[in-house]
Protein chains: 2
Amino acid sequence: MGSLPRIGLDRSSPVPLYFQVAEQLERAIVDGALVPGDRIEAEIELAGSLGLSRPTLRQAIQVLVDKGMLVRKRGVGTQVVGAKIRRPFELTSLHDDLARTGQPAGTEVLSCAVVEADDEVGHELQVPPGSPVWSLERLRSVRDEPFALMRNYLPVDVVDLRGADLTALGLYELLRHGGVHLRVANQRIGARRAEAREARLLAERRGAPLVTMTRTAFDDAGRAVEHGDHLYRADRYTVELTLVDR
Amino acid sequence: MGSLPRIGLDRSSPVPLYFQVAEQLERAIVDGALVPGDRIEAEIELAGSLGLSRPTLRQAIQVLVDKGMLVRKRGVGTQVVGAKIRRPFELTSLHDDLARTGQPAGTEVLSCAVVEADDEVGHELQVPPGSPVWSLERLRSVRDEPFALMRNYLPVDVVDLRGADLTALGLYELLRHGGVHLRVANQRIGARRAEAREARLLAERRGAPLVTMTRTAFDDAGRAVEHGDHLYRADRYTVELTLVDR
DNA sequence: TAGTGGTCTAGACCACAAT
DNA sequence: TTGTGGTCTAGACCACTAC
(Lines give C-alpha, C1' and ligand atoms only; values in the text may rest on other atoms or scores of the structure.)
Protein backbone atom coordinates (compact mmCIF):
# COMPACT_ATOMS: atom_id res chain seq x y z
CA MET A 1 0.00 0.00 0.00
CA GLY A 2 1.73 3.15 -1.20
CA SER A 3 0.65 6.73 -1.11
CA LEU A 4 0.71 9.56 -3.58
CA PRO A 5 3.53 12.06 -3.03
CA ARG A 6 2.66 15.69 -3.05
CA ILE A 7 2.17 17.05 -6.57
CA GLY A 8 3.67 20.41 -7.39
CA LEU A 9 2.38 22.62 -10.20
CA ASP A 10 4.08 25.45 -12.03
CA ARG A 11 1.47 27.68 -13.60
CA SER A 12 4.11 29.80 -15.30
CA SER A 13 5.51 26.78 -17.12
CA PRO A 14 4.66 26.24 -20.76
CA VAL A 15 4.03 22.58 -19.86
CA PRO A 16 0.27 22.08 -19.61
CA LEU A 17 -1.07 21.55 -16.12
CA TYR A 18 -2.66 18.22 -16.99
CA PHE A 19 0.67 17.03 -18.31
CA GLN A 20 2.52 18.12 -15.19
CA VAL A 21 0.10 16.08 -13.12
CA ALA A 22 0.33 13.08 -15.45
CA GLU A 23 4.14 13.14 -15.32
CA GLN A 24 4.22 13.18 -11.56
CA LEU A 25 1.60 10.46 -11.27
CA GLU A 26 3.54 8.31 -13.71
CA ARG A 27 6.75 8.81 -11.81
CA ALA A 28 5.02 7.84 -8.58
CA ILE A 29 3.92 4.58 -10.20
CA VAL A 30 7.25 3.85 -11.88
CA ASP A 31 9.18 4.67 -8.72
CA GLY A 32 6.93 2.41 -6.68
CA ALA A 33 5.48 5.14 -4.47
CA LEU A 34 2.18 3.85 -5.78
CA VAL A 35 1.93 0.08 -6.07
CA PRO A 36 -0.54 -2.05 -8.05
CA GLY A 37 -3.95 -1.95 -6.41
CA ASP A 38 -3.45 1.44 -4.79
CA ARG A 39 -6.38 3.79 -5.11
CA ILE A 40 -5.99 7.41 -6.17
CA GLU A 41 -7.90 10.11 -4.34
CA ALA A 42 -11.26 10.89 -5.93
CA GLU A 43 -11.16 13.21 -8.95
CA ILE A 44 -13.09 16.05 -7.38
CA GLU A 45 -11.09 16.02 -4.16
CA LEU A 46 -7.74 15.73 -5.90
CA ALA A 47 -8.71 18.49 -8.31
CA GLY A 48 -9.70 20.68 -5.39
CA SER A 49 -6.52 20.05 -3.42
CA LEU A 50 -4.42 20.87 -6.50
CA GLY A 51 -6.43 23.95 -7.36
CA LEU A 52 -7.47 22.50 -10.72
CA SER A 53 -10.83 22.03 -12.35
CA ARG A 54 -12.17 18.54 -12.57
CA PRO A 55 -11.89 18.27 -16.39
CA THR A 56 -8.22 19.21 -16.22
CA LEU A 57 -7.48 16.60 -13.60
CA ARG A 58 -9.49 14.04 -15.57
CA GLN A 59 -7.33 14.82 -18.58
CA ALA A 60 -4.24 14.07 -16.53
CA ILE A 61 -5.59 10.75 -15.33
CA GLN A 62 -6.73 9.88 -18.85
CA VAL A 63 -3.13 10.04 -20.06
CA LEU A 64 -2.19 7.23 -17.70
CA VAL A 65 -5.37 5.29 -18.38
CA ASP A 66 -4.45 5.38 -22.08
CA LYS A 67 -1.02 4.04 -21.21
CA GLY A 68 -2.62 1.18 -19.32
CA MET A 69 -1.14 2.25 -15.99
CA LEU A 70 -4.37 3.32 -14.27
CA VAL A 71 -7.88 1.91 -14.30
CA ARG A 72 -11.01 3.90 -13.58
CA LYS A 73 -14.16 2.26 -12.27
CA ARG A 74 -17.40 4.07 -11.83
CA GLY A 75 -18.60 3.91 -8.28
CA VAL A 76 -15.24 2.57 -7.13
CA GLY A 77 -12.36 4.86 -7.94
CA THR A 78 -9.09 4.94 -9.81
CA GLN A 79 -6.52 2.22 -9.24
CA VAL A 80 -2.95 1.44 -10.22
CA VAL A 81 -2.62 -1.50 -12.63
CA GLY A 82 -0.15 -4.33 -12.15
CA ALA A 83 1.21 -4.92 -15.62
CA LYS A 84 4.56 -3.73 -16.85
CA ILE A 85 4.17 -1.41 -19.79
CA ARG A 86 6.49 -1.14 -22.72
CA ARG A 87 6.20 1.77 -25.10
CA PRO A 88 5.60 1.21 -28.80
CA PHE A 89 8.60 1.98 -31.05
CA GLU A 90 10.82 0.82 -28.25
CA LEU A 91 9.61 -2.63 -28.93
CA THR A 92 12.70 -4.26 -30.25
CA SER A 93 14.88 -5.88 -27.71
CA LEU A 94 17.71 -8.27 -27.80
CA HIS A 95 17.23 -11.64 -26.32
CA ASP A 96 20.94 -11.94 -26.11
CA ASP A 97 21.98 -11.86 -22.49
CA LEU A 98 25.08 -9.85 -23.14
CA ALA A 99 23.04 -7.24 -24.92
CA ARG A 100 20.69 -7.12 -21.96
CA THR A 101 23.57 -6.40 -19.66
CA GLY A 102 24.42 -3.27 -21.57
CA GLN A 103 26.63 -4.44 -24.40
CA PRO A 104 26.38 -1.87 -27.18
CA ALA A 105 25.18 -3.04 -30.57
CA GLY A 106 27.49 -2.31 -33.46
CA THR A 107 26.29 -1.34 -36.90
CA GLU A 108 27.88 -2.02 -40.26
CA VAL A 109 26.36 -0.19 -43.22
CA LEU A 110 26.44 -2.60 -46.15
CA SER A 111 24.88 -0.20 -48.61
CA CYS A 112 23.21 3.19 -48.65
CA ALA A 113 22.06 4.70 -51.91
CA VAL A 114 19.17 6.23 -53.78
CA VAL A 115 17.38 3.71 -55.96
CA GLU A 116 14.13 3.55 -57.89
CA ALA A 117 11.23 2.18 -55.87
CA ASP A 118 9.87 -1.10 -57.16
CA ASP A 119 6.16 -1.82 -57.11
CA GLU A 120 6.08 -3.15 -53.57
CA VAL A 121 8.20 -0.40 -52.02
CA GLY A 122 6.31 2.25 -53.93
CA HIS A 123 3.04 0.85 -52.72
CA GLU A 124 4.19 0.69 -49.11
CA LEU A 125 5.66 4.19 -49.16
CA GLN A 126 2.75 5.65 -51.11
CA VAL A 127 4.97 6.93 -53.92
CA PRO A 128 4.80 6.04 -57.63
CA PRO A 129 6.94 3.05 -58.65
CA GLY A 130 10.23 4.32 -60.02
CA SER A 131 10.37 7.21 -57.58
CA PRO A 132 13.75 7.79 -55.95
CA VAL A 133 13.98 6.30 -52.46
CA TRP A 134 16.83 5.67 -50.08
CA SER A 135 17.79 2.02 -49.85
CA LEU A 136 19.75 1.12 -46.77
CA GLU A 137 21.18 -2.19 -45.67
CA ARG A 138 22.75 -2.67 -42.27
CA LEU A 139 24.20 -5.54 -40.31
CA ARG A 140 23.90 -5.22 -36.56
CA SER A 141 26.07 -7.10 -34.12
CA VAL A 142 26.85 -7.45 -30.46
CA ARG A 143 30.43 -8.33 -29.55
CA ASP A 144 31.13 -8.99 -33.22
CA GLU A 145 28.33 -11.54 -33.28
CA PRO A 146 25.81 -10.50 -35.94
CA PHE A 147 22.15 -10.87 -35.12
CA ALA A 148 20.21 -8.65 -37.52
CA LEU A 149 20.27 -7.96 -41.25
CA MET A 150 18.11 -4.94 -41.88
CA ARG A 151 16.94 -3.35 -45.12
CA ASN A 152 15.10 -0.04 -45.10
CA TYR A 153 13.52 2.18 -47.72
CA LEU A 154 12.74 5.87 -47.19
CA PRO A 155 11.33 8.53 -49.51
CA VAL A 156 14.07 10.98 -50.41
CA ASP A 157 12.05 13.97 -49.24
CA VAL A 158 11.76 12.55 -45.74
CA VAL A 159 15.41 12.60 -44.85
CA ASP A 160 18.82 13.01 -46.43
CA LEU A 161 21.08 10.12 -45.56
CA ARG A 162 24.15 11.58 -47.28
CA GLY A 163 26.85 11.78 -44.68
CA ALA A 164 24.55 10.49 -41.97
CA ASP A 165 26.40 8.46 -39.40
CA LEU A 166 24.26 5.37 -39.08
CA THR A 167 26.88 3.58 -37.05
CA ALA A 168 26.40 5.99 -34.16
CA LEU A 169 22.68 6.71 -34.43
CA GLY A 170 19.74 4.39 -34.98
CA LEU A 171 17.55 5.09 -37.98
CA TYR A 172 14.59 6.11 -35.86
CA GLU A 173 16.81 8.35 -33.78
CA LEU A 174 18.06 9.97 -36.97
CA LEU A 175 14.52 10.53 -38.16
CA ARG A 176 13.53 12.06 -34.85
CA HIS A 177 16.48 14.44 -34.99
CA GLY A 178 15.32 15.33 -38.48
CA GLY A 179 11.98 16.44 -37.12
CA VAL A 180 10.06 13.31 -38.11
CA HIS A 181 7.65 12.13 -35.41
CA LEU A 182 6.64 8.51 -35.80
CA ARG A 183 3.07 7.79 -34.91
CA VAL A 184 1.70 4.57 -36.43
CA ALA A 185 3.36 1.44 -37.78
CA ASN A 186 2.01 -1.67 -39.40
CA GLN A 187 4.17 -4.67 -38.76
CA ARG A 188 4.34 -8.32 -39.75
CA ILE A 189 6.42 -10.90 -37.95
CA GLY A 190 7.11 -14.41 -39.11
CA ALA A 191 9.90 -16.90 -39.59
CA ARG A 192 11.69 -18.81 -42.33
CA ARG A 193 14.93 -20.57 -43.12
CA ALA A 194 18.09 -18.63 -43.87
CA GLU A 195 19.20 -18.48 -47.49
CA ALA A 196 22.85 -18.61 -48.49
CA ARG A 197 23.75 -14.91 -48.42
CA GLU A 198 21.74 -14.26 -45.28
CA ALA A 199 23.34 -17.19 -43.51
CA ARG A 200 26.81 -16.01 -44.47
CA LEU A 201 26.23 -12.46 -43.24
CA LEU A 202 24.59 -13.61 -40.02
CA ALA A 203 27.26 -16.27 -39.37
CA GLU A 204 24.58 -18.95 -39.39
CA ARG A 205 24.11 -22.18 -41.27
CA ARG A 206 21.92 -22.30 -44.33
CA GLY A 207 18.43 -23.31 -43.30
CA ALA A 208 18.75 -21.97 -39.78
CA PRO A 209 15.52 -20.39 -38.48
CA LEU A 210 15.31 -16.61 -38.80
CA VAL A 211 12.76 -14.19 -37.42
CA THR A 212 11.39 -11.99 -40.21
CA MET A 213 9.86 -8.59 -39.69
CA THR A 214 8.48 -6.12 -42.20
CA ARG A 215 7.25 -2.77 -41.06
CA THR A 216 5.89 0.43 -42.56
CA ALA A 217 5.92 3.48 -40.32
CA PHE A 218 3.88 6.67 -40.63
CA ASP A 219 4.59 10.06 -39.11
CA ASP A 220 2.24 12.38 -37.28
CA ALA A 221 1.08 13.85 -40.57
CA GLY A 222 0.01 10.42 -41.77
CA ARG A 223 2.81 10.25 -44.32
CA ALA A 224 4.54 6.91 -44.98
CA VAL A 225 8.07 7.53 -43.77
CA GLU A 226 9.87 4.22 -43.70
CA HIS A 227 9.50 0.66 -44.92
CA GLY A 228 11.72 -2.06 -43.56
CA ASP A 229 12.34 -5.71 -44.26
CA HIS A 230 14.47 -7.31 -41.57
CA LEU A 231 15.97 -10.66 -40.64
CA TYR A 232 17.09 -11.75 -37.19
CA ARG A 233 18.92 -14.78 -35.89
CA ALA A 234 16.24 -16.60 -33.95
CA ASP A 235 18.64 -17.70 -31.24
CA ARG A 236 19.71 -14.13 -30.50
CA TYR A 237 16.58 -12.09 -30.93
CA THR A 238 12.91 -11.94 -30.02
CA VAL A 239 10.38 -9.16 -30.50
CA GLU A 240 8.84 -7.96 -27.27
CA LEU A 241 5.88 -5.63 -27.17
CA THR A 242 2.97 -4.45 -25.09
CA LEU A 243 -0.53 -4.24 -26.47
CA VAL A 244 -2.97 -1.79 -24.93
CA ASP A 245 -6.59 -2.08 -25.92
CA ARG A 246 -8.65 1.08 -25.67
CA MET B 1 -10.91 13.74 -51.94
CA GLY B 2 -13.85 12.38 -49.98
CA SER B 3 -16.44 14.13 -47.93
CA LEU B 4 -17.98 13.48 -44.55
CA PRO B 5 -21.46 11.94 -44.75
CA ARG B 6 -24.15 13.46 -42.62
CA ILE B 7 -23.86 12.42 -38.97
CA GLY B 8 -27.04 11.49 -37.14
CA LEU B 9 -27.38 11.67 -33.38
CA ASP B 10 -29.85 9.94 -31.08
CA ARG B 11 -30.08 11.83 -27.83
CA SER B 12 -32.41 9.24 -26.32
CA SER B 13 -29.83 6.50 -26.85
CA PRO B 14 -27.74 5.27 -23.92
CA VAL B 15 -24.75 5.43 -26.25
CA PRO B 16 -22.81 8.62 -25.42
CA LEU B 17 -22.99 11.36 -28.01
CA TYR B 18 -19.23 11.54 -28.44
CA PHE B 19 -19.19 7.81 -29.12
CA GLN B 20 -21.97 8.06 -31.69
CA VAL B 21 -19.94 10.68 -33.52
CA ALA B 22 -16.72 8.66 -33.23
CA GLU B 23 -18.42 5.55 -34.61
CA GLN B 24 -19.77 7.36 -37.63
CA LEU B 25 -16.48 9.10 -38.30
CA GLU B 26 -14.65 5.78 -38.09
CA ARG B 27 -17.10 4.16 -40.46
CA ALA B 28 -16.66 7.01 -42.92
CA ILE B 29 -12.91 6.40 -42.89
CA VAL B 30 -13.12 2.61 -43.06
CA ASP B 31 -15.70 2.74 -45.82
CA GLY B 32 -13.56 5.15 -47.77
CA ALA B 33 -15.99 8.07 -47.70
CA LEU B 34 -13.04 9.90 -46.16
CA VAL B 35 -9.70 9.11 -47.71
CA PRO B 36 -6.17 9.74 -46.39
CA GLY B 37 -5.37 13.43 -46.46
CA ASP B 38 -8.98 14.58 -46.23
CA ARG B 39 -9.59 17.38 -43.80
CA ILE B 40 -12.45 17.32 -41.30
CA GLU B 41 -14.54 20.44 -40.75
CA ALA B 42 -13.23 22.63 -37.95
CA GLU B 43 -14.18 21.58 -34.44
CA ILE B 44 -16.29 24.59 -33.61
CA GLU B 45 -18.21 24.51 -36.86
CA LEU B 46 -18.79 20.77 -36.77
CA ALA B 47 -19.89 20.99 -33.16
CA GLY B 48 -22.29 23.76 -34.06
CA SER B 49 -23.78 21.94 -37.01
CA LEU B 50 -24.30 18.83 -34.88
CA GLY B 51 -25.74 20.76 -31.96
CA LEU B 52 -22.93 19.66 -29.66
CA SER B 53 -20.55 21.55 -27.44
CA ARG B 54 -16.98 21.79 -28.55
CA PRO B 55 -15.56 19.59 -25.73
CA THR B 56 -17.97 16.82 -26.65
CA LEU B 57 -16.98 16.91 -30.29
CA ARG B 58 -13.32 17.06 -29.30
CA GLN B 59 -13.84 13.92 -27.25
CA ALA B 60 -15.24 12.17 -30.32
CA ILE B 61 -12.28 13.19 -32.44
CA GLN B 62 -9.88 12.20 -29.69
CA VAL B 63 -11.13 8.62 -29.88
CA LEU B 64 -9.98 8.37 -33.48
CA VAL B 65 -6.77 10.26 -32.82
CA ASP B 66 -5.95 7.67 -30.14
CA LYS B 67 -6.60 4.93 -32.66
CA GLY B 68 -4.19 6.56 -35.06
CA MET B 69 -6.85 7.22 -37.69
CA LEU B 70 -6.92 11.02 -37.42
CA VAL B 71 -4.23 13.62 -36.91
CA ARG B 72 -4.82 17.05 -35.41
CA LYS B 73 -2.57 19.98 -36.21
CA ARG B 74 -2.86 23.33 -34.56
CA GLY B 75 -3.43 26.08 -37.06
CA VAL B 76 -4.13 23.55 -39.79
CA GLY B 77 -7.00 21.23 -39.00
CA THR B 78 -7.81 17.57 -38.56
CA GLN B 79 -6.80 15.09 -41.24
CA VAL B 80 -7.33 11.43 -42.06
CA VAL B 81 -4.16 9.36 -41.68
CA GLY B 82 -2.89 7.12 -44.45
CA ALA B 83 -2.31 3.90 -42.54
CA LYS B 84 -4.54 0.89 -42.23
CA ILE B 85 -5.21 0.26 -38.57
CA ARG B 86 -5.51 -3.11 -36.88
CA ARG B 87 -6.91 -3.43 -33.38
CA PRO B 88 -4.82 -5.01 -30.62
CA PHE B 89 -6.05 -8.47 -29.62
CA GLU B 90 -7.09 -9.01 -33.21
CA LEU B 91 -3.55 -9.21 -34.33
CA THR B 92 -3.28 -12.81 -35.39
CA SER B 93 -3.79 -13.63 -39.03
CA LEU B 94 -3.30 -16.58 -41.26
CA HIS B 95 -0.86 -16.22 -44.06
CA ASP B 96 -2.61 -19.02 -45.84
CA ASP B 97 -4.42 -17.68 -48.86
CA LEU B 98 -7.36 -19.98 -48.49
CA ALA B 99 -7.80 -18.85 -44.93
CA ARG B 100 -7.87 -15.28 -46.16
CA THR B 101 -10.74 -16.04 -48.44
CA GLY B 102 -12.89 -17.00 -45.52
CA GLN B 103 -11.98 -20.60 -44.73
CA PRO B 104 -12.89 -21.19 -41.08
CA ALA B 105 -10.21 -22.35 -38.68
CA GLY B 106 -10.96 -25.61 -36.90
CA THR B 107 -9.94 -26.29 -33.32
CA GLU B 108 -9.01 -29.58 -31.69
CA VAL B 109 -8.74 -29.53 -27.89
CA LEU B 110 -5.82 -31.79 -27.00
CA SER B 111 -6.17 -31.33 -23.26
CA CYS B 112 -8.06 -29.19 -20.81
CA ALA B 113 -7.60 -29.71 -17.09
CA VAL B 114 -6.79 -28.04 -13.79
CA VAL B 115 -3.14 -28.42 -12.85
CA GLU B 116 -0.77 -26.92 -10.30
CA ALA B 117 1.03 -23.83 -11.55
CA ASP B 118 4.78 -24.26 -11.86
CA ASP B 119 7.12 -21.42 -10.94
CA GLU B 120 7.00 -19.72 -14.32
CA VAL B 121 3.25 -19.91 -14.78
CA GLY B 122 2.66 -18.83 -11.20
CA HIS B 123 4.95 -15.87 -11.74
CA GLU B 124 3.29 -14.84 -14.97
CA LEU B 125 -0.23 -15.19 -13.57
CA GLN B 126 0.66 -13.57 -10.25
CA VAL B 127 -0.45 -16.58 -8.21
CA PRO B 128 1.65 -18.71 -5.82
CA PRO B 129 3.38 -21.70 -7.43
CA GLY B 130 1.22 -24.78 -6.87
CA SER B 131 -2.03 -22.83 -7.22
CA PRO B 132 -4.66 -24.52 -9.36
CA VAL B 133 -4.80 -23.17 -12.90
CA TRP B 134 -6.47 -24.29 -16.08
CA SER B 135 -4.08 -25.80 -18.57
CA LEU B 136 -5.36 -25.91 -22.11
CA GLU B 137 -3.76 -27.23 -25.26
CA ARG B 138 -5.30 -26.74 -28.67
CA LEU B 139 -4.38 -27.53 -32.24
CA ARG B 140 -5.76 -25.15 -34.83
CA SER B 141 -6.16 -26.02 -38.48
CA VAL B 142 -7.51 -24.76 -41.75
CA ARG B 143 -8.82 -27.31 -44.22
CA ASP B 144 -7.36 -30.04 -41.99
CA GLU B 145 -3.95 -28.46 -42.32
CA PRO B 146 -2.68 -27.62 -38.84
CA PHE B 147 -0.89 -24.34 -38.34
CA ALA B 148 -0.93 -23.57 -34.61
CA LEU B 149 -0.21 -25.47 -31.42
CA MET B 150 -1.39 -23.37 -28.52
CA ARG B 151 -0.98 -23.83 -24.78
CA ASN B 152 -2.76 -21.55 -22.34
CA TYR B 153 -2.88 -21.18 -18.58
CA LEU B 154 -5.68 -19.37 -16.72
CA PRO B 155 -6.32 -18.86 -13.00
CA VAL B 156 -9.32 -20.97 -11.97
CA ASP B 157 -11.14 -17.97 -10.53
CA VAL B 158 -11.07 -16.15 -13.85
CA VAL B 159 -13.17 -18.59 -15.83
CA ASP B 160 -14.61 -22.09 -15.61
CA LEU B 161 -13.67 -24.12 -18.67
CA ARG B 162 -15.73 -27.18 -17.66
CA GLY B 163 -18.11 -27.85 -20.50
CA ALA B 164 -16.89 -24.83 -22.41
CA ASP B 165 -17.01 -25.39 -26.14
CA LEU B 166 -13.61 -24.25 -27.27
CA THR B 167 -14.13 -25.67 -30.74
CA ALA B 168 -16.84 -23.13 -31.47
CA LEU B 169 -15.54 -20.13 -29.53
CA GLY B 170 -12.08 -18.64 -29.30
CA LEU B 171 -10.54 -18.35 -25.86
CA TYR B 172 -10.67 -14.57 -25.86
CA GLU B 173 -14.26 -14.66 -27.05
CA LEU B 174 -15.07 -17.02 -24.20
CA LEU B 175 -13.40 -14.70 -21.70
CA ARG B 176 -15.31 -11.72 -23.06
CA HIS B 177 -18.58 -13.59 -22.72
CA GLY B 178 -17.56 -14.37 -19.16
CA GLY B 179 -17.30 -10.68 -18.39
CA VAL B 180 -13.50 -10.45 -18.65
CA HIS B 181 -12.33 -7.37 -20.51
CA LEU B 182 -8.79 -7.65 -21.81
CA ARG B 183 -6.83 -4.45 -21.64
CA VAL B 184 -3.07 -4.94 -21.68
CA ALA B 185 -0.84 -7.76 -22.88
CA ASN B 186 2.88 -8.31 -22.85
CA GLN B 187 4.03 -10.41 -25.73
CA ARG B 188 7.20 -11.97 -27.08
CA ILE B 189 7.63 -13.30 -30.59
CA GLY B 190 10.55 -15.32 -31.87
CA ALA B 191 11.39 -18.43 -33.84
CA ARG B 192 13.02 -21.82 -33.41
CA ARG B 193 13.17 -25.30 -34.92
CA ALA B 194 10.35 -27.77 -34.41
CA GLU B 195 10.94 -30.59 -31.96
CA ALA B 196 9.64 -34.10 -32.56
CA ARG B 197 6.19 -33.87 -30.93
CA GLU B 198 5.56 -30.39 -32.26
CA ALA B 199 6.52 -31.42 -35.76
CA ARG B 200 4.24 -34.44 -35.62
CA LEU B 201 1.22 -32.43 -34.45
CA LEU B 202 1.83 -29.64 -36.95
CA ALA B 203 2.47 -32.09 -39.82
CA GLU B 204 5.92 -30.62 -40.29
CA ARG B 205 9.40 -32.05 -40.45
CA ARG B 206 11.62 -31.98 -37.40
CA GLY B 207 13.74 -28.87 -37.51
CA ALA B 208 11.27 -26.86 -39.57
CA PRO B 209 11.11 -23.19 -38.57
CA LEU B 210 8.29 -22.28 -36.19
CA VAL B 211 7.07 -18.88 -35.03
CA THR B 212 6.95 -18.78 -31.23
CA MET B 213 4.75 -16.45 -29.22
CA THR B 214 4.31 -16.12 -25.48
CA ARG B 215 1.82 -13.71 -24.08
CA THR B 216 0.43 -12.67 -20.72
CA ALA B 217 -2.82 -10.74 -20.79
CA PHE B 218 -4.31 -8.50 -18.09
CA ASP B 219 -7.91 -7.41 -17.72
CA ASP B 220 -9.26 -3.95 -17.04
CA ALA B 221 -8.74 -4.45 -13.32
CA GLY B 222 -5.04 -5.11 -13.87
CA ARG B 223 -5.41 -8.80 -13.00
CA ALA B 224 -3.32 -11.37 -14.90
CA VAL B 225 -5.94 -13.35 -16.75
CA GLU B 226 -4.15 -15.58 -19.22
CA HIS B 227 -0.70 -16.81 -20.09
CA GLY B 228 -0.04 -18.48 -23.40
CA ASP B 229 2.84 -20.26 -25.09
CA HIS B 230 2.18 -20.86 -28.74
CA LEU B 231 3.84 -22.36 -31.81
CA TYR B 232 2.99 -21.65 -35.44
CA ARG B 233 4.08 -23.14 -38.71
CA ALA B 234 6.13 -20.36 -40.24
CA ASP B 235 4.94 -21.11 -43.77
CA ARG B 236 1.29 -20.73 -42.83
CA TYR B 237 1.27 -17.96 -40.28
CA THR B 238 2.57 -14.50 -39.57
CA VAL B 239 1.75 -12.08 -36.76
CA GLU B 240 0.38 -8.78 -37.98
CA LEU B 241 -0.08 -5.82 -35.72
CA THR B 242 -0.39 -2.07 -35.62
CA LEU B 243 1.59 0.09 -33.24
CA VAL B 244 0.26 3.48 -32.26
CA ASP B 245 2.55 5.85 -30.44
CA ARG B 246 0.91 8.54 -28.37
C1' DT C 1 -4.78 38.85 -39.82
C1' DA C 2 -7.87 35.02 -39.68
C1' DG C 3 -8.59 30.44 -38.55
C1' DT C 4 -7.17 26.35 -36.34
C1' DG C 5 -6.53 23.19 -32.46
C1' DG C 6 -4.72 23.25 -27.21
C1' DT C 7 -5.86 24.24 -22.73
C1' DC C 8 -8.71 25.48 -18.84
C1' DT C 9 -12.72 26.75 -15.98
C1' DA C 10 -17.20 26.06 -13.21
C1' DG C 11 -20.61 24.19 -13.11
C1' DA C 12 -24.67 20.32 -14.21
C1' DC C 13 -26.91 15.77 -14.37
C1' DC C 14 -26.46 10.83 -14.82
C1' DA C 15 -25.14 5.68 -14.11
C1' DC C 16 -23.02 2.58 -11.35
C1' DA C 17 -20.99 0.31 -7.01
C1' DA C 18 -20.68 -0.14 -2.31
C1' DT C 19 -23.05 0.08 2.08
C1' DT D 1 -28.04 6.59 0.52
C1' DT D 2 -23.52 8.06 -0.54
C1' DG D 3 -19.65 8.50 -3.31
C1' DT D 4 -17.53 7.37 -7.47
C1' DG D 5 -16.48 8.14 -12.36
C1' DG D 6 -19.09 9.25 -17.15
C1' DT D 7 -20.99 12.67 -19.80
C1' DC D 8 -22.17 17.26 -21.34
C1' DT D 9 -22.50 22.32 -21.59
C1' DA D 10 -20.98 27.31 -22.63
C1' DG D 11 -18.01 29.80 -22.45
C1' DA D 12 -12.66 31.78 -22.11
C1' DC D 13 -7.87 32.62 -23.51
C1' DC D 14 -3.71 30.98 -25.80
C1' DA D 15 -0.29 29.09 -29.43
C1' DC D 16 0.45 27.90 -33.78
C1' DT D 17 -0.15 27.96 -39.04
C1' DA D 18 -1.13 29.91 -43.25
C1' DC D 19 -1.97 33.89 -45.87
Side-chain angles (χ1 to χ4, degrees), chain A residues 4 7 9-23 25 37-66 69-81 179 181 183 219-223 246, chain B residues 4 7 9-23 25 37-66 69-81 179 181 183 219-223 246:
Chain A
L4 181 60
I7 291 179
L9 295 180
D10 177 3
R11 284 190 174 266
S12 68
S13 164
V15 178
L17 294 172
Y18 81 89
F19 196 80
Q20 294 184 36
V21 176
E23 274 184 321
L25 273 175
D38 276 353
R39 266 201 18 223
I40 307 287
E41 201 180 350
E43 292 177 357
I44 300 182
E45 289 168 17
L46 191 49
S49 69
L50 291 175
L52 294 175
S53 69
R54 189 188 167 206
T56 299
L57 183 68
R58 270 185 73 80
Q59 195 176 1
I61 292 177
Q62 188 62 42
V63 172
L64 300 190
V65 171
D66 284 344
M69 305 178 75
L70 289 179
V71 168
R72 285 196 276 214
K73 279 189 191 167
R74 187 154 37 181
V76 178
T78 302
Q79 285 179 305
V80 178
V81 162
H181 301 102
R183 171 118 181 82
D219 71 1
D220 55 9
R223 177 178 57 157
R246 290 182 292 271
Chain B
L4 181 60
I7 291 179
L9 296 179
D10 178 4
R11 285 190 175 263
S12 68
S13 164
V15 178
L17 294 172
Y18 80 89
F19 196 80
Q20 294 184 35
V21 176
E23 273 183 322
L25 273 176
D38 276 353
R39 262 197 28 216
I40 306 289
E41 202 180 350
E43 291 179 357
I44 300 183
E45 289 168 19
L46 192 49
S49 69
L50 291 174
L52 294 174
S53 69
R54 189 186 166 204
T56 299
L57 183 68
R58 269 185 73 81
Q59 194 177 0
I61 292 177
Q62 187 62 43
V63 171
L64 300 190
V65 171
D66 284 344
M69 305 178 74
L70 290 180
V71 168
R72 284 197 277 214
K73 276 191 191 167
R74 185 155 36 182
V76 178
T78 302
Q79 284 180 304
V80 178
V81 168
H181 301 104
R183 173 115 182 84
D219 70 2
D220 55 9
R223 177 178 57 156
R246 286 182 297 271

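Per chain, numbering begins at 1; letters A, B, ... match sequence-line order. What you see is a predicted model, and the numbers here were worked out from it, not measured in a lab.
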What N/O pairs connect the protein and nucleotides 2-4 of chain D at under 3.5 Å? Give each pair on its own line.
{"residue": "D:dT4", "atom": "O2", "partner": "A:G75", "partner atom": "N", "Å": "3.0"}

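One distance of note links CD of A:E45 with CD of A:E43; it measures 11.0 Å at 0.5 Å rounding. Within the model, atoms CD of B:E23 and CG of B:L64 stand 10.0 Å from one another, a figure rounded to the nearest 0.5 Å. The CD atom of B:Q62 sits 7.5 Å away from the CG atom of A:D66 when rounded to the nearest 0.5 Å. Remark: B:R11 CZ to B:L17 CG distance equals 5.0 Å, nearest 0.5 Å. Rounding to the nearest 0.5 Å places CD of A:Q20 at 11.5 Å from OG1 of A:T56. Separating the CG atom in A:D220 from the NZ atom in B:K73 is a distance of 6.5 Å, to the nearest 0.5 Å.
Of the residues in residues 11-18 of chain A, not one comes within less than 4.0 Å of DNA chain D through any heavy atom.
With a heavy-atom cut-off of 4.0 Å to chain A, the contacted part of DNA chain C has its first and last nucleotide at C:dT7 to C:dA17.
Among B:L25, B:I40, B:L46, the single residue meeting the side chain to side chain contact (heavy atoms under 4.5 Å, CB included) criterion with B:T78 is B:I40.
Summary of the strand contacts: B:E41 and B:P55 both lie near DNA chain C, and taking for each the nucleotide with the nearest heavy atom, the more 5' one is attributed to B:E41. Residue A:R58 is the one, among A:R58 and B:L57, whose nearest nucleotide of DNA chain D lies closer to the 5' end (criterion: closest heavy atom).
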Exercise for review: Apply the test side chain to side chain contact (heavy atoms under 4.5 Å, CB included) to residues A:V80 and A:L70: give CA-CA distance (whole Å), side-chain angles for both, the deciding distance (0.1 Å), then the verdict.
Suggested key: CA-CA 5 Å; A:V80 178; A:L70 289 179; 3.9 Å; yes
**Study point:** Trace of the side chain to side chain contact (heavy atoms under 4.5 Å, CB included) decision for B:D10 with B:V15
**Key:** CA-CA 8 Å; B:D10 178 4; B:V15 178; over 6 Å; no
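Across every non-hydrogen atom of B:Q79 and B:G37, the tightest pair is NE2-O, 3.4 Å.
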